[in-house]
Amino acid sequence: MSSPAPLLDVELVTLFPEMFDSFLRASLLGKAIDGGVVRVNRTNPRDFAPGRHRQVDDSPYGGGPGMILRPGPVAAAIEAVEAERGRAHRLLLSPSGRLFDQALAGELAGRCRLMFICGRYEGLDERIAELFADEVVSIGDYVLAGGEMAAAVLIEAVARLVPGVLGCETSTVDESFSAGRLEYPQWTRPPTFRGLAVPEVLLSGNHAQVAKWRGLESLRRTQARRPDLIERHPLTEHETMLVQGGPTQRRRRSPSER
Ligand code: SAM
């Protein structure tokens with residue numbers, strides 16, 4: 001009897017498949033792969049490059065520094081993968097792509113097959129984007145040496161939203177960005193550490209007070225650290241009421257305002 005299809009099927013097209021070795025073995029993602037919930041295949045365009053030297057790059061037309069990944073081996077790798085295992089939603093990693101965020105992670109978690117096309121050197125021949133990319137995605141306004149770490153970021157953010165990957169299904173509900181806010185601060189034992197005590201309300205056992213306090217802290221932290229999120233997601237009626245209700249338990253400067 002064949003094993004059930006994974007809930008998330010990932011294809012990596014990369015010149016450095018070994019970069020993912022420990023990443024794919026560790027922690028929750030490693031367990032999800034062992035349990036068949038997530039499957040990851042790695043394909044190297046170099047295996048599709050012609051000639052004895054299997055050269056995958058060449059100098060840019062028009063001149064300039066560095067080398068560009070030739071389109072042929074990358075196209076052949078993508079086509080071989082899909083001929084064997086079917087069409088995937090193809091994401092090309094590039095600093096000039098759409099900025100990755102939690103909303104995109106949620107969208108991608110709803111798809112069964114994702115392909116990550118990783119560039120290297122000065123990037124990929126533009127025809128790969130034109131012919132193959134369903135989306136071009138960046139993980140931030142900085143330049144990495146290759147798309148592998150960017151792909152790892154996307155895989156981890158997406159995989160943890162797939163049912164069965166996280167131990168506790170509710171863990172993704174209340175966290176940062178889930179409602180355009182940063183998560184409230186959290187503490188665990190001991191109750192006092194190096195002179196700093198846990199806010200009393202969290203020890204009170206009063207769930208309604210705890211929820212109210214957390215809502216306010218989440219809002220304060222977002223206002224202090226990421227005012228852009230408040231601009232994009234204005235205060236809800238409930239949040240306005242929370243703010244107007246004033247500070248709850250403030251034993252010292254709120255951690256969210258530090
Ligand atoms: N010359 C390119 C430019 O200025 O946009 C940068 C190429 S970068 C050195 C090589 C590869 O790393 C890219 O093709 C892409 O796959 C990956 N990469 C670099 N920064 C990235 C980022 N912020 N997000 C996603 N991928 C990135």
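Values reported hereafter were calculated over all heavy atoms of this structure, with side chains retained and with hydrogens, waters and symmetry mates removed. Both ligands and their constituent atoms are indexed starting at 1 by order of listing.
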Connected via hydrophobic side-chain network under 4.5 Å: L235 and L229:
no
Electrostatic pair D9-R111, nearest N-O below 4.0 angstrom
no
For the residue pair S204 and Q209, confirm or rule out a side-chain donor-acceptor distance under 3.5 Å.
no
Residue contacts for ligand 1, heavy atom to ligand atom, distance under 4.0 Å:
L93, S94, P95, G119, R120, Y121, E122, G123, V137, S138, I139, G140, Y142, V143, L144, A145, G146, G147, A150
Residues two or more places apart in sequence or in another chain: which of them pass side-chain hydrogen bond (donor to acceptor under 3.5 Å, both in side chains) with T192?
none
By side-chain hydrogen bond (donor to acceptor under 3.5 Å, both in side chains), R214 pairs with (sequence neighbours left out) none
Those residues that, when tested against N44, pass side-chain contact (heavy atoms from CB on, under 4.5 Å) (two or more places apart)
L15, P17, R46, D47
